[in-house]
Amino acid sequence: MNDNPCPDVQLELYRRQVEVRVFEKRAYDLFLRNLVKGTSHLSLGQEAIAAGFGTAMRRDDYTFATYRGHAHTLVRGAPMAAVMAELLGRDSGLMGGKGGSMHLTSVEHGVMGSYAIVGAHLPIAVGAAWSAQYRGSGQAAVCFFGDGATNIGAFHEALNLAAVWRLPVVFVCENNLYMEYTPIASVTAVPRPAADRAAGYGLDPLVVDGNDVEAVYGVARAALERARTGGGPSLVEALTYRHGGHSRADPGKYRPAREVEEWLARDPVSGYRERLLRRGIPAKILDDIDTEVRAAVDAATDAAEAAPPPAPERLLSQVWTDGGSSWRN
Amino acid sequence: MNDNPCPDVQLELYRRQVEVRVFEKRAYDLFLRNLVKGTSHLSLGQEAIAAGFGTAMRRDDYTFATYRGHAHTLVRGAPMAAVMAELLGRDSGLMGGKGGSMHLTSVEHGVMGSYAIVGAHLPIAVGAAWSAQYRGSGQAAVCFFGDGATNIGAFHEALNLAAVWRLPVVFVCENNLYMEYTPIASVTAVPRPAADRAAGYGLDPLVVDGNDVEAVYGVARAALERARTGGGPSLVEALTYRHGGHSRADPGKYRPAREVEEWLARDPVSGYRERLLRRGIPAKILDDIDTEVRAAVDAATDAAEAAPPPAPERLLSQVWTDGGSSWRN
Amino acid sequence: MAQLTYRDAVRRGIAQEMRRDERVVLIGEDVAAAGGVFKTTPGLLEEFGPRRVLDAPISEQAILGAAMGAAMTGLRPIAEIMFSDFLAVCWDMVANEIAKTRYMTDGQVSLPLVIRTANGGGLRFGGQHSQSVENWAMAVPGLKVVLPATPADLIGLLAAAVRDPDPVLVLEPKALYPVRGEVPDGELLDTLGRARVLRTGGDATLVAVGAMVPRAVTAAERMAEQGVGCTVVDLRSLVPLDVRTLLDAVAGTGRLFTVEENPRLCGWGAEIASIVAEEAFPALRGPIVRITTPHIPLPSADTLEDLARPSVSRITDTVLKALG
Amino acid sequence: MAQLTYRDAVRRGIAQEMRRDERVVLIGEDVAAAGGVFKTTPGLLEEFGPRRVLDAPISEQAILGAAMGAAMTGLRPIAEIMFSDFLAVCWDMVANEIAKTRYMTDGQVSLPLVIRTANGGGLRFGGQHSQSVENWAMAVPGLKVVLPATPADLIGLLAAAVRDPDPVLVLEPKALYPVRGEVPDGELLDTLGRARVLRTGGDATLVAVGAMVPRAVTAAERMAEQGVGCTVVDLRSLVPLDVRTLLDAVAGTGRLFTVEENPRLCGWGAEIASIVAEEAFPALRGPIVRITTPHIPLPSADTLEDLARPSVSRITDTVLKALG
Ligand SMILES: Cc1ncc(C[n+]2csc(CCOP(=O)(O)OP(=O)(O)O)c2C)c(N)n1
Ligand SMILES: Cc1ncc(C[n+]2csc(CCOP(=O)(O)OP(=O)(O)O)c2C)c(N)n1
Ligand SMILES: [Mg+2]
Ligand SMILES: [Mg+2]
């Protein structure tokens, strides 16, 4: 028996990783050109996790992401031009420029938000899963967060409640070894910040190579299946590494050169490309994907750069559902 | 080899339990007479835990308690009359009537406060332990809390930090099976709310019969020894039961009669008395202790009842260290 | 027309909305099997079942996070935070998540949810169980804040809050739980953002909310006996704020007094004083005076707590002295 | 006399106090090895060692809890909360524990600790990383709150905060980190609760704090060119509040304008407006006007953020219009 995903899925896993890779590199270029004004946190090196889950998720499943959420937003199909425009603070941005890089949200595509307070979205994802269970919709919520987030109180509260109510939620810890600049090992009581806590919520420890997109895809499918069939939550720890610094301001110099090298050698995108070539997939097919993706990112960039800044009226809009922000009668 | 504590300690363990028992019953009477005005949370049935730890602690160790903190305050030697007066909101109260039953504090006796926000004092105890470590004082902090507190975020943050810094702190979970009126099992992902979480912080699971004062004393000595010798924190789960309701307003009717009966049969105070008698300690000695304690509680009650209400000037005092409350120049 | 306690009104208000709308669910600590520690929710578990009335662990962040996630995906949760003081342990959920998400997502996410909580002093519970957090809440953009002072108002405003498409914080003055009031039969539905003028007089305007409303009214009655006429306004809702009624009332008297249970600094009273000092300055005939709890935590002892919170006699003394 | 950035002043201020007093320790996320995400603490680990400069996990409740427990047992911790928005995740520690414990224990417990945090907008960080939380903080009895607007003030007020026996929240306007200012040589020690009058004029009093101070000054300069004289007051400290300087300034001009970065409702501006409306009413010659960020979360896009925060031109336009 062949354990590999079927060929279409393989190409999809490849394409999504490439999309994230090319998009994030472009975002970095635009930051260097001072077009991305606020902060931004890239997923370069961590593409396989978003791609693996994004491919495994159902169209109506919910994604909850962090400030490092470009990847998780794109893999659900959110329009690249609108995401890019949001980074640039343009009117055509996904949230009209109000949220910026750290708060990407596309409800239409199941992306229920990117949250910039570490840990906050875990309980919120629990709520979406509770609602899915209540409505009997068969939806699952997938909540991505970092290793650093496992030490904040909200993590604990969310995991416990999800387990007690057996909710359809998958918690995905992207362990990239660092919180901002501090090694996670230096501030955590256990070696595996997520997996070593699973038993405290009656869950199995699940560790996956986060740079192997098929491995992630497999774990994602199993966890989503469990969620949909009443098996309750899962806590997945995906081991990975970011290629760059924590955010745009950070050159990442605190990391040992050797560690960086080792992880660069395990690049999820080029590694998967090689694996597919070894499996006999023609280079042309992959090259075509690369070309298409680059064209899409170019188009998104052009559209975003050409877009005007947000209309000033936006400033006082959408505090309330009536569209406005008035607090007085 | 005889595992029993030496005779003096046995009598001390007995006396402290009786003190708490008689005091708490009196507090309940005073509540029925409408002299205790606010709320109060009694330790009837849970006396062995405070008594065991109080006896094992060094004079300069730190106690951090909850709103259910009469017992933990008394066993450190805080003056009974002042504690009673505080419950009655009198000028001679331990905190001049400002704190009330839920906030008993006697810094002089190492009681660094009773905290009424569930979980809040765990990180604070961590801080006292950090300071002890920094100062090289050999002190330890002991932090008491309930089963319900294990599900709040502060629990998680405190345990992790204490473990990472190997701090001299002993966390003592008094598992009395209920949060307020809700069975802990119905809202917790694991059967042992504290012990089953210990591994998540690299700690050993420690469960002790919280109604056996000598067992508690033994665990306390070991954990304190470990703390003082750089072994880091411990997390102890002491199994116990409250004889009455959660607080003064609660008759506790939600508990199955059978469960209540079983636990009443395991009363820590009368049980220990019987054990001491079986060991050949003359009844007279125990009776004398009982009589002394009753006299002390009577005297404390009389003094508290006779005390005037707080001087009105207290209202605006001690917000700041200058003694006042002014926020303006 | 029935006489109901405030406590019973809470139950009736929740039940009214749960009967009407299957999407309304109730979550909180001890709210289900035990019927709430203030006995505001008895019988709801029995009527609506464990799917819709849920006991939560002591995990306030998870409670509000769950409410938020459920609200954005089709439910209309009512979350109880037992004491408003505990909002501090989940303040991130209130101030950073629930309040800001609609704006940050440019309207993509709607959060029709209600947070109910027992607020204020009077029960001798001390500094961590007696706070009046309206001054925290009003400072947070994106949060509606109501403070019903009577059983009927509670039902009507709670219903309005549940049906409102935005997050609403309902502060229930715990000192009022045992107090009875007239409640009309049938469904009650009120409007957020409407103040109520409880009496009129020409000499001074007293503005109050929650547990201070009956005190302001009694003070006004006493002063009326002495020939001093007071207009008393119950704001009922701090956000949205009925500025029109406020300005009208001040226009009629030229003098503004607030009666605030919260500690002094940066309260709702400071806000309305500032609004009046900006927008009704020409109408003012004398200083604006705030009658508040001093800027201290509430003490536990009954005598001290009574000294701290604005009393009827402190109100009358302050107003009469200021009017000269 | 040196020219220092605000960012470097933070480091110098901390180092000054750590050299002086062995009990002073620094704790926070990324403060030690990395020197702080705003580069306010580089070199401190190297100078004072890992015993006194500690990197913490992302556990803000534990960070402030640890600071509190250490402060009550003999240390004088400085705790960094990276962004002031994150105070929401540990608000219980701030508002219910640290602020209230001295009072609730009737003075048994002293808490000589400092919480430092990067506050306010201007960096296009969006709604969860740009808040001005002075309006939360001032509402909490038991907390001192300072907002230094220059490098020299930061050092002096930080030193005063560290030596103060009570808990002090130091809000560092993150927009000012790269700004340089004159800093005298040697040890700096300032006094909490002293406002500073930066210029005087007879037509209006502008009161500001933090990042709004330079804007208020620039606006006053522009208005002076048009013959309108403004007194500009930098409050520097919100608690304790220098009411005397405030009232004197208003007595001299008869008109009060606040310049506030915080969202509009219940800010420090509302508080001082109310104080003035009560205590300086006879001196007032016209409405009190608050110039604030609207009551919205801060948006991320640069153009929108610039629209939201009070700008020099909004200040001048508002003042000139109000003065007629
Ligand atoms: C409550 C809170 N504390 C601190 C921060 C600042 N902060 C932003 S990202 C980050 C590190 C997060 O590390 P991790 O969870 O491992 O995620 P990663 O960035 O590595 O993906 C920190 C400390 C925050 N945003 N929220
Ligand atoms: C943060 C917070 N949430 C809720 C409460 C209300 N409350 C007080 S005691 C209690 C139950 C605590 O249960 P447990 O920890 O088991 O302690 P026990 O009272 O059984 O000793 C609750 C929910 C509180 N004080 N603080
Ligand atoms: Mg990380
Ligand atoms: Mg319990």
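Quick note on labels: first sequence line is chain A, next is B, and so on, each numbered from 1.
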Look up atom CD in B:Glu180 and atom CD1 in C:Ile58, then write down how far apart they are to the nearest 0.5 Å.
-> 7.0 Å

Value rounded to 0.5 Å, distance of CD in C:Gln128 from CE in B:Met102 = 7.5 Å

Answer yes or no: are there more than 12 heavy-atom neighbours, outside B:Arg258 itself, under 6.0 Å from its atom CZ?
-> no

Counting only heavy atoms closer than 4.5 Å, note whether C:Ala32 contacts chain B via side chain, backbone, both or neither.
-> neither

Contact check, side chains of B:Leu316 and C:Pro294, non-hydrogen atoms, under 4.5 Å | yes

Residue C:Leu304 versus chain B: region with a heavy atom under 4.5 Å = both

What distance do C:Glu60 atom CD and B:Ile152 atom CD1 have between them, rounded to the nearest 0.5 Å?
-> 4.5 Å

Residue among B:Ala120, B:Ser326, B:Pro310 with most heavy-atom pairs under 4.5 Å to chain C | B:Pro310

Just checking, any donor-acceptor pair under 3.5 angstrom between side chains of B:Asn151 and C:Ser59?
-> no

Looking only at B:Thr150, B:Leu87, B:Thr182, most heavy-atom pairs under 4.5 Å shared with chain C are made by B:Thr182

Pairwise distance CZ(C:Phe125) to OG(B:Ser247) - rounded to 0.5 angstrom = 7.5 Å

Relative to chain C, which of B:Gly148, B:Ala149, B:Gly119, B:Pro309 shows the most heavy atom pairs under 4.5 Å?
-> B:Gly148

Point-to-point distance, once rounded to the nearest 0.5 Å, from NZ of B:Lys37 to OG of C:Ser300 = 10.5 Å

Applying a strict 4.5 Å limit to non-hydrogen atoms, the region of C:Asp30 in contact with chain B is both

Rounding to 0.5 Å, atoms CE (B:Met179) and CG (C:Asp55) come to a distance of 7.0 Å

Contact part of C:Val37 toward chain B, heavy-atom cut-off under 4.5 Å: side chain, backbone, both or neither?
-> both

Compare every heavy atom of C:His295 with every heavy atom of B:Trp327, then report the nearest pair and how far apart it is.
-> CD1-CB, 3.7 Å

Please state whether the side chain, the backbone, both or neither of B:Ala311 comes within less than 4.5 Å of a heavy atom of chain C.
-> backbone

Residues C:Lys39 and B:Tyr181: closest non-hydrogen pair is NZ-CE1, 4.2 Å

For B:Glu305, does the CD atom sit with more than 12 other heavy atoms under 6.0 Å from it, leaving out its own atoms?
-> yes

Does atom OH of B:Tyr254 have more than 12 heavy-atom neighbours, drawn from other residues, nucleotides or ligands, at distances under 6.0 Å?
-> yes

Region of C:Ala33 in contact with chain B, defined by heavy-atom distances below 4.5 Å = neither

Using a cut-off of under 4.5 Å on heavy-atom pairs, state which of B:Ile117, B:Asp250, B:Val118 scores highest against chain C.
-> B:Ile117

Comparing B:Gly100, B:Ser186, B:Ala116, B:Gly89 against chain C, the one with the most heavy-atom pairs below 4.5 Å turns out to be B:Ala116

